[in-house]
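Report on the following structure.
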Amino acid sequence: MKVEGLTIGFGNAAPVVEDVGFSVEPGETLALVGESGSGKTLSCRAALRILPEVAQVHSGSVVFDGSNGPVDLMGLSERAMCDIRGNRISMIFQEPMRSLSPLHRIGNQVIEVLRLHGTAKGQGAYKRVIETFERVGFADPERIYQSYPFELSGGMRQRAMIAMAVVGKPDLLIADEPTTALDVTTQAQVLGLIKEIQQDNGMAMILVTHDLGVVANLADTVTVMNRGRVMEAGPAPLVLGDPQHGYTKDLFAAAPKIPDSGEEVSREDKPDYILEMRNVSKTYTLKGKAAWHPKIHVQAVRGIEFGVERGRTLAVVGESGSGKTTCARMALGAERADPGAEILFRAKPDADTVNLQDLDTSARLAFQRQAQMVFQDPYSTLNPRMRVKDALCEPMDIHKLGTRPERVDRAAEMLRWVGLSPNMLTRYPHAFSGGQRQRLSIARALMLGPTFLVCDEPTSALDVSVQEQVLQLLEEIRDRLNLSYMFISHDLAVVARIADEVAVMREGLVVEQGPTEVLFHNPQHPYTKALLAAQPEPDINRPINLKIVAQGAGSPSTWPEAYRFDGTSVPPLTEMGLGHKVRCYA
Amino acid sequence: MSTLPDGRYVDDRPYERDLGEEARNADLDVSNTRLVWRRFREHKLGLVSALFLLFSYLMLPFAGFISPYTANERAPDHLYGAPQGIHLFHEGSLIGPYVYPITAEVNLETFSWEYIRDYDNPAKLEFFCEASYYKLAGFIKTNRHLFCAPEGATVFLLGADRLGRDVFSRILYGAQLSLTVGLVGITVSFFIGIILGSIAGYFGGFLDWIINRVIEILRSLPELPLWLALSAAVPSHWSPVAVFFIISIILGILDWPGLARAVRSKFLSLREEEFVRAAEMMGAKPSRVIGKHLLPNFLSHLIASATLSIPAMILGETALSFLGLGLRAPAVSWGVMLNDAQNLASIEIYPWTAIPMLPIVIIVLAFNFFGDGLRDALDPNRS
C-alpha cells in the first residue's frame with residue numbers, strides 16, 4: 001500500500017490533511033503517530049474510502065498492491081471497493097464496545113466476512129472461524145461463537161474484532177487505536193496478539209495510535225503527523241532513538257516514563273494524615289433477577305486502610321472496576337461507606353478531626369469547602385450553558401461567600417493561577433480545548449480555597465503534551481498552596497511522576513501500597529509487576545514482557561499461592577518494609 | 001521536504017510549538033442563543049413558517065378590524081351565500097375594488113335559494129368604514145373596519161354559512177380561540193410535565209416509580225372517550241370563555257405524560273454528567289442543580305418539542321368542537337365552524353362551509369416546519 005500526496009478537506013475550509021504520504025510493505029508494520037486532530041484517522045479512512053460525507057479528498061493517490069496486482073483505490077468503483085474492504089484490507093476500530101452489533105452472535109458477525117466475499121461457505125467457513133477464534137486466544141471458541149457481545153469483556157471483544165479482521169486473511173490490516181480503550185494489562189496482551197498474528201500471516205499493518213509506547217512495541221516504520229502534515233517518517237529505531245524534527249522531540253519529552261530507579265526516602269514515624277481511611281468497605285446491593293430472588297451484594301471496596309499525608313500525593317491505581325472511583329467518592333463524602341468504617345479528615349494539623357461517616361448538613365458544607373474534586377472528562381466537567389465566570393463563581397455562590405465583585409476578582413485570580421488569561425471570563429466552555437477546560441476545572445476546584453483535592457484521572461482524556469502541562473500545573477499548585485492530593489489513575493507513568501505514595505487496587509482490595517520509589521523499584525505483588533511490565537515504554541529496546549503480564553493480570557485465583565485470593569479468603573496486608581505493604585501470606 | 005542520508009523523511013517547514021493558545025475565533029464567544037438563531041436562519045421553510053406564525057399571532061387582536069363583519073352578525077337574506085370575488089375592472093375600465101351585489105330568490109322548482117348577481121351595478125368597497133361594533137384587542141370599543149360592503153351589497157369573501165354569517169370574518173375570529181388554545185394547553189402541560197419529569201428523573205427511586213405508573217395509566221386511557229367524558233362534565237351554563245379555559249386545561253392535563261417522559265430520560269442522562277456531579281460535590285441543593293444546571297441544558301429542546309405538540313392541541317380542540325363537545329356557540333373557533341360542515345350533503349352543495357379546514361391545515365403545517373427547523377438548529381450533531 002502506498003499513499004501519496006493525500007489532501008483532505010471539509011467543504012471549502014483549509015485542508016485538514018495536507019500532502020500526506022506513507023507506504024507499507026508486505027509483512028511490515030507502519031505506525032501513524034500523532035495527537036488528536038492530527039489527521040491520522042482521516043488519512044486511513046480515506047484509504048478505505050470510508051470518510052464522512054462532508055470530508056472530500058482533494059488530491060492524492062492510494063495504490064494498493066495486493067495479491068491481484070496493483071490497483072489505485074481512488075479510481076475504483078464503489079462495487080470493486082466492496083470486494084477490497086474487509087477482504088483484502090480490513091480494519092480494527094477503536095471502541096470495542098461499539099463496533100460489534102449487539103443483536104448478533106459473535107460467530108455470525110465474524111462468519112459474515114467470509115460469506116460476503118465468498119471466501120468460504122458452510123462447514124468450511126465455520127471451521128475457519130473456530131480456528132481463528134483459537135488463534136486469537138479464546139479458550140472455548142465454540143462458546144464464543146454462540147455468545148453475544150454483551151457477554152464478553154472489553155479485551156475479549158477486541159479479540160473478537162481482531163478475529164473478524166483477520167479471518168479473511170487480508171493483505172493489510174488497519175488498526176485504529178486498537179488498545180486505547182483497554183486496561184493496560186489487557187492492552188499488553190492484545191498488542192502481543194496482534195504482533196503474533198501479523199508474523200504468522202505475513203500481512204502488512206498500519207497502526208494508528210497516539211501512544212509512543214505502543215509504537216515502540218510494534219512498529220517497523222514510523223510516520224509522525226501533526227496538524228495534517230507528516231512531521232517525520234522513517235524506520236522505527238531511527239525515529240524513536242534519535243528524533244530529528246522539533247515536534248517529534250517534544251512528543252518524546254512529554255511522554256511520561258516510569259523512572260528506572262530511585263532511592264528510598266526516609267520517613268517520619270508518625271505521618272500527619274489529612275485524610276485517613278480505616279477499615280473502609282463499600283457494598284452495593286443490586287436487585288435480584290426477580291423480586292423473589294435474593295438480592296445480589298457487590299463488594300466494590302473491601303477493607304481499605306490508607307491515608308493521604310498533608311502536602312503529599314497518594315495515588316490509587318487500578319484497572320476499571322477495581323473500586324478506585326468508589327474510593328474517591330467516599331473520600332469526598334459523596335458516598336457513605338459500610339458501617340464500621342472510619343474516614344477521618346483534619347483540615348489543619350491543629351484542627352479537630354471530623355469523621356465523614358457522620359456529618360450533619362452544616363458540617364458537610366464546611367467539609368466541602370476543604371475538599372474538592374477534579375474530574376476526568378474535560379468535555380463534560382463544565383456546564384455548556386454557563387460562562388466561565390458563572391462556572392467559577394458558582395462554588396462561592398453556593399456557599400454564600402463574598403459579594404459578586406469579590407467572587408469575580410477571585411475567579412480572575414484563579415484563572416491566572418492555572419495559566420489562563422482573565423479576559424476568558426466571559427467565554428463559554430465550547431471555546432476552549434480539552435487541556436484548557438481541565439485547567440478551568442482545576443480553577444473551579446480551587447475557588448473555595450480547599451486543602452484537599454481528589455483528582456479522578458484528570459489527564460487520561462488528554463494528549464500527551466497537554467497531559468504533561470496539566471500534571472506540571474497540578475504539582476505547582478500543590479507546592480504553592482500546600483495541598484494534598486488523592487490521585488486516581490490507571491496510568492502508572494503518570495502516577496510515577498506525581499505521587500509520593502501509591503496504592504494498587506484489584507477487585508476492591510488494595511494488593512500493594514507503599515512509597516512510589518519502593519513500589520516501582522521493588523514491586524512484590526504479581527499484579528503490580530504485571531502492571532509495570534504492561535506499561536508500554538517509548539523505548540524500542542524494552543519490549544513488553546508478556547510472561548509477567550500474563551502471570552499477574554489473570555484472575556486472583558491464578559496467582560501464586562502466597563498471593564492467591566478468591567471470594568472470602570483474602571491474605572492480609574503484610575508490611576514488607578517501611579510503609580510498604582503487600583497483600584500476601586507471610 | 002528533505003530526506004536524510006539514513007533514508008528518513010523530515011518535514012522542513014519551520015516548526016512552531018503549539019503553546020495551547022488557539023487561534024481566536026469570534027464564533028467561539030457567541031452565546032448559544034445566537035448560534036441557534038444562525039442555524040435556524042438557514043432552514044428556509046422553518047423561517048418562513050415562523051414569520052407566518054408570528055404574523056398570525058400578531059393579527060389576533062386586530063381580527064375584528066380586518067374582518068368586514070362581526071362573528072355572529074347574520075345576513076338572513078344570504079343563507080349559504082356563495083363566495084364573492086373582488087374585482088378591479090368593470091367593462092374595461094378601472095374603478096377600484098368592487099363586488100357585484102347579490103339578490104336572493106327562491107327557486108320554486110328545486111325549493112332552494114338561488115343567488116343572482118347584479119352585473120350592472122358594481123358596488124365599490126368602502127375602506128375604514130363604520131359598521132357594527134366590536135372590541136379592538138378585547139377592550140377598545142369601535143365600529144371602524146378595514147373594509148366593508150356599501151349599503152345594499154354584501155362582501156362574503158369565502159361565502160356565508162347556514163345562518164348567513166360571513167365565513168371569512170368567522171375564520172379570523174375563530175383564530176383567536178383556536179390559536180390560543182394550544183398555547184394555554186401547552187403551558188399547563190409544560191408546567192406539570194417539567195415538574196413531575198424532573199422529580200422522577202432527578203430523585204429516582206419510589207417517586208420515579210409512582211410517576212411512571214401514573215404516566216402509563218394516563219397513556220393507556222383511550223384519548224377521545226376521555227376527552228368526551230371530561231368535556232361532558234363541564235356545566236352547560238358556563239360562559240364560552242370559561243369553557244375555553246377548561247378545554248385547554250383538559251388538553252394540557254392529557255398531554256403532559258409525553259413531556260414528563262422526555263424530561264425524565266434527559267435528566268437521567270444529564271445527571272451523570274460531571275458538571276452535575278461537581279455542583280453536587282460543591283454542596284449545591286437539588287433545586288439549584290435542577291434549575292441552574294439541568295433545565296437550561298435542555299430547555300431549548302423542550303421548546304422545540306412543545307412547538308411540535310401545539311398542533312396536536314389545536315387539532316384536539318378542533319376535534320372536540322367538531323363533535324359538539326368542545327367550545328359551543330356563540331363562541332367561534334375553527335372546530336365550531338366545522339361543526340356546521342358535519343353534514344355531507346351540505347358540503348356537497350355548499351363546499352365553502354368546509355373552508356375552515358384550510359387555516360387548520362396551514363397552521364398545523366407551519367408549526368411542524370417551525371418545530372423541525374428549531375430542533376435542527378438546536379441539535380447540530382444530528383447525523
Side-chain angles (χ1 to χ4, degrees), chain A residues 21 221 223 226-227 229-235 238-239 244-248 250 332-334 364-365 368-369 371-373 375-377 379-387 390-391 394-395 397-399 419 426-433 435-436 439 441 444-445 447-448 456 465-466 469, chain B residues 1-36 269-285 287-289 291-301 378 380 383:
Chain A
T221 52
T223 298
N226 182 31
R227 287 184 249 170
R229 293 176 58 83
V230 174
M231 293 284 122
E232 185 165 351
L238 279 178
V239 177
Q244 288 298 315
H245 195 272
Y247 176 73
T248 325
D250 284 350
L332 281 174
R364 180 172 296 275
L365 268 182
Q368 276 158 345
R369 287 184 57 178
Q372 282 293 323
M373 184 153 178
F375 290 87
Q376 175 176 9
D377 180 1
Y379 292 93
S380 94
T381 190
L382 295 165
N383 186 341
R385 291 296 154 86
M386 276 173 128
R387 289 177 189 273
D390 300 317
E394 199 189 11
D397 195 16
I398 291 171
H399 289 269
T426 52
R427 287 193 190 147
Y428 281 93
H430 60 231
F432 295 91
S433 68
Q436 286 174 320
R439 283 167 191 266
S441 171
R444 181 179 60 185
M447 280 298 282
L448 290 171
D456 187 1
S465 58
V466 184
Q469 292 163 8
Chain B
M1 182 183 296
S2 62
T3 311
L4 297 189
D6 51 11
R8 69 169 131 169
Y9 162 89
V10 176
D11 188 44
D12 52 4
R13 193 183 277 194
Y15 164 68
E16 290 159 34
R17 207 164 287 184
D18 187 358
L19 295 171
E21 291 286 329
E22 286 148 89
R24 293 303 317 148
N25 177 345
D27 270 11
L28 291 175
D29 284 342
V30 175
S31 76
N32 195 53
T33 327
R34 305 242 349 228
L35 285 177
V36 167
S269 66
L270 273 178
R271 200 172 55 166
E272 301 300 315
E273 294 280 321
E274 283 176 352
F275 63 85
V276 177
R277 294 251 169 107
E280 282 169 357
M281 284 195 180
M282 283 173 218
K285 294 195 182 66
S287 57
R288 183 190 175 93
V289 174
K292 278 228 156 181
H293 290 283
L294 295 174
L295 277 182
N297 267 297
F298 68 103
L299 199 60
S300 40
H301 292 259
L378 291 168
S383 67

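Residue numbers begin at 1 in each chain, while the letters A, B, ... track the order of the sequences. Since this is a predicted model, take the numbers as computed values, not measurements.
- Ranked by heavy-atom pairs shorter than 4.5 Å toward chain B, the options A:Arg364, A:Gln376, A:Arg369 are led by A:Gln376.
- Taking 4.5 Å as the limit, every side-chain heavy atom of B:Met281 sits out of range of all side-chain heavy atoms of A:Gln368.
- Between chain B and the residues A:Ser465, A:Gly435, A:Pro384, the largest count of heavy-atom pairs under 4.5 Å involves A:Pro384.
- Heavy atoms of A:Val239 lying under 4.5 Å from chain B belong to its backbone as well as its side chain.
- Scanning both residues, B:Ala284 and A:Ile398, for their nearest heavy atoms gives CB-CD1, 3.4 Å.
- With a 4.5 Å cut-off on non-hydrogen atoms, A:Arg229 touches chain B through its side chain but not through its backbone.
- Looking only at heavy-atom pairs under 4.5 Å with chain B, the residue among A:Gln372, A:Glu394, A:Met386, A:Met373 that has the most is A:Glu394.
- Contact of the A:Asp397 side chain with the B:Lys292 side chain is registered, since non-hydrogen atoms from C-beta on lie closer than 4.5 Å.
- In this structure, the portion of A:Leu382 lying under 4.5 Å from any heavy atom of chain B is its backbone and not its side chain.
- Between chain A and the residues B:Lys285, B:Glu280, B:Glu273, the largest count of heavy-atom pairs under 4.5 Å involves B:Glu273.
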